[in-house]
Amino acid sequence: MIQFDAIHKRFPNGTTAVHDLSLEIPEGGVTVLVGSSGCGKTTTLRMVNRMVEPTSGTIRVGGKDVTRQDAAELRRSIGYVIQQAGLFPHRTVLDNIATVPLLLGHGRRRARARAAELLETVGLTAESGRRYPHQLSGGQQQRVGVARALAADPPVLLMDEPFGAVDPVVRTQLQDELLRLQKELNKTIVFVTHDVDEAVRLGDRIAIFRTGGHLVQCAAPAELLARPADDFVADFLGAERGLKLLSLKTLADVPQGPAPEGGAWTLVLDEARKPLHWAPKDTKDAEIPLRPLADGDSLLAALDESIASPTGLIARVDADGVLTGVSSRDDIHEHAGRAHTAARTRTGTEPETETAA
Ligand SMILES: Nc1ncnc2c1ncn2[C@@H]1O[C@H](COP(=O)(O)OP(=O)(O)OP(=O)(O)O)[C@@H](O)[C@H]1O
Ligand SMILES: [Mg+2]
């Protein structure tokens with residue numbers, strides 16, 4: 001969908017921002033570009049919509065060389081979201097979102113109707129459409145930024161650290177929203193971040209860059225975490241590489257058995273058989289809190305819960321929150337050990353890694 005072919009970018013002052021980049025970004029998925037500050041992520045992104053022109057090499061979007069297209073037209077067909085949302089301060093939120101549809105020649109009424117629809121899509125109230133950007137929180141402004149980028153329904157969305165300036169809680173919410181939206185819209189998204197956890201959470205593929213604009217490795221998150229191409233990648237992924245890998249694996253395959261009876265701990269349920277807490281045998285009033293987990297929860301969450309709980313057990317529930325059984329710390333640990341092997345030998349085919357020199 002987006003192909004970089006031997007791309008170089010050298011700015012007039014002599015800085016090489018991107019060095020011999022060849023990368024294919026498949027259609028319909030999130031590709032995350034990560035790397036330390038100044039390694040050329042923004043430059044790479046901005047060459048796609050021609051806000052920066054490469055010094056040499058070719059970029060194709062949907063098979064078409066971007067330099068053969070009118071730059072303004074190209075930009076309208078590619079959504080672009082930046083940190084701090086980049087909204088027009090003197091236009092209402094609704095008019096900010098309607099900007100591109102208006103530019104595309106949709107009538108005012110239709111553009112606004114579309115904007116109102118998008119406001120809802122990104123989880124904002126109709127009332128917030130009448131406000132000005134400064135009257136919204138940082139997280140809300142980012143949502144408007146996303147809505148504006150989606151307004152022309154572009155197949156490609158470029159996002160440059162869109163959630164970099166909001167607090168961790170809002171950031172997680174915005175990430176969830178993006179994953180939900182992506183399920184619905186299936187765009188081709190190129191997402192830039194500094195944050196490895198964000199990359200692992202959002203990316204179908206992660207491309208790691210090193211200073212000087214070198215692409216070091218591009219692979220699926222599990223692949224990258226299990227087989228970093230070199231020490232640079234391993235260092236960049238951080239000390240908790242193994243735990244991050246567990247965050248990608250679910251609990252589904254871990255065996256479960258009936259809740260223990262008559263032992264040191266009792267699992268207390270409500271009338272609907274939903275787990276409430278653990279109660280120790282001899283002290284009736286003590287309640288040890290628990291966090292029930294479903295099949296879709298991660299092995300990391302399961303390991304965490306099994307270590308946090310003095311029982312060493314986790315309570316497993318179905319989609320309705322009803323108890324299905326318990327799993328032990330040992331069983332979870334056993335499966336955690338296998339997560340690594342699974343990532344290495346996926347279906348016995350060669351790992352899907354591109355390594356650049
Ligand atoms: N217009 C410009 N003129 C000269 N040098 C530039 C220009 N824009 C960027 N650079 C340089 O190119 C390199 C790559 O910059 P770029 O903005 O792509 O990095 P980045 O990976 O996005 O960094 P950050 O994580 O800090 O946003 C840096 O050394 C930067 O100083
Ligand atoms: Mg940048």
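Only heavy atoms go into these numbers, but all of them, side chains included; no hydrogens, no water, no symmetry mates. Remember, it's 1-based here, ligands and their atoms both numbered in the order they're listed.
In this structure, V34 and F209 have side chains that are not in contact, with every pair of non-hydrogen atoms separated by 4.5 Å or more. F4 is listed as a side-chain neighbour of V48, based on a closest heavy-atom distance under 4.5 Å. The closest side-chain heavy-atom distance from F191 to E198 is below 4.5 Å.
The shortest N or O to N or O distance between T44 and ligand 1 is not below 3.5 Å. The shortest N/O to N/O separation between A17 and ligand 1 does not fall below 3.5 Å. For the pair G38 and ligand 1, the shortest N or O to N or O distance falls below 3.5 Å. Distances between N or O atoms of C39 and those of ligand 1 include at least one value under 3.5 Å.
In summary, T42 places an N/O/S atom under 2.8 Å from the Mg ion (ligand 2), meeting the contact criterion.
Checking atom 9 (C) of ligand 1 against the protein gives a heavy-atom contact under 4.0 Å. Contact annotation for atom 31 (O) of ligand 1: protein absent (non-hydrogen atoms, distance under 4.0 Å).
H19 and H214 have tilted rings, their planes meeting at an angle from 30° to 60° on a 0 to 90° scale.
Every atom of ligand 1 with a heavy atom of E161 under 4.0 Å away is listed here by number and element: 25 (O), 27 (O). Short contacts between ligand 1 and T42, defined as distances under 4.0 Å to a heavy atom of the residue, involve ligand atoms 17 (O), 18 (O), 20 (P), 22 (O), 27 (O). If you number the atoms of ligand 1 from 1 as listed, the ones under 4.0 Å from a heavy atom of H194 come out as 25 (O).
Interatomic distance, CG of L136 versus CG of L124, reported as 7.0 Å (0.5 Å rounding).
A single hydrophobic cluster is seen to contain both L243 and I307, as judged by linkage of ILVMFWY side chains at heavy-atom distances under 4.5 Å, directly or through other members. Taking hydrophobic clusters as Ile, Leu, Val, Met, Phe, Trp and Tyr residues chained together by side-chain heavy-atom distances below 4.5 Å, I332 does not share a cluster with L245.
For the pair R148 and F88, the distance from NZ or CZ to the six-membered ring centre is under 6.0 Å and the angle to the ring normal is within 45 degrees.
When hydrogens are left out, the protein atom nearest atom 25 (O) of ligand 1 is K41 NZ, 2.8 Å; that is the closest non-hydrogen contact. From the protein, the heavy atom lying nearest to atom 26 (O) of ligand 1 is S37 OG, 2.5 Å. Ranking the protein heavy atoms by distance from atom 5 (N) of ligand 1 puts F11 CD1, 3.3 Å first. Given atom 29 (O) of ligand 1, the protein heavy atom at minimum distance is T15 CG2, 3.6 Å.
Distances shorter than 4.0 angstrom occur between a heavy atom of G40 and an atom of ligand 1.
Residues L224 and A219 approach most closely at CD1-CB, 4.1 Å, considering heavy atoms.
The closest non-hydrogen atom to atom 16 (P) of ligand 1, taken over T43, L33, N13, V192, comes from T43.
Counting heavy atoms of neighbouring residues, nucleotides and ligands inside a 6.0 Å radius, atom CZ of R180 exceeds 12 of them.
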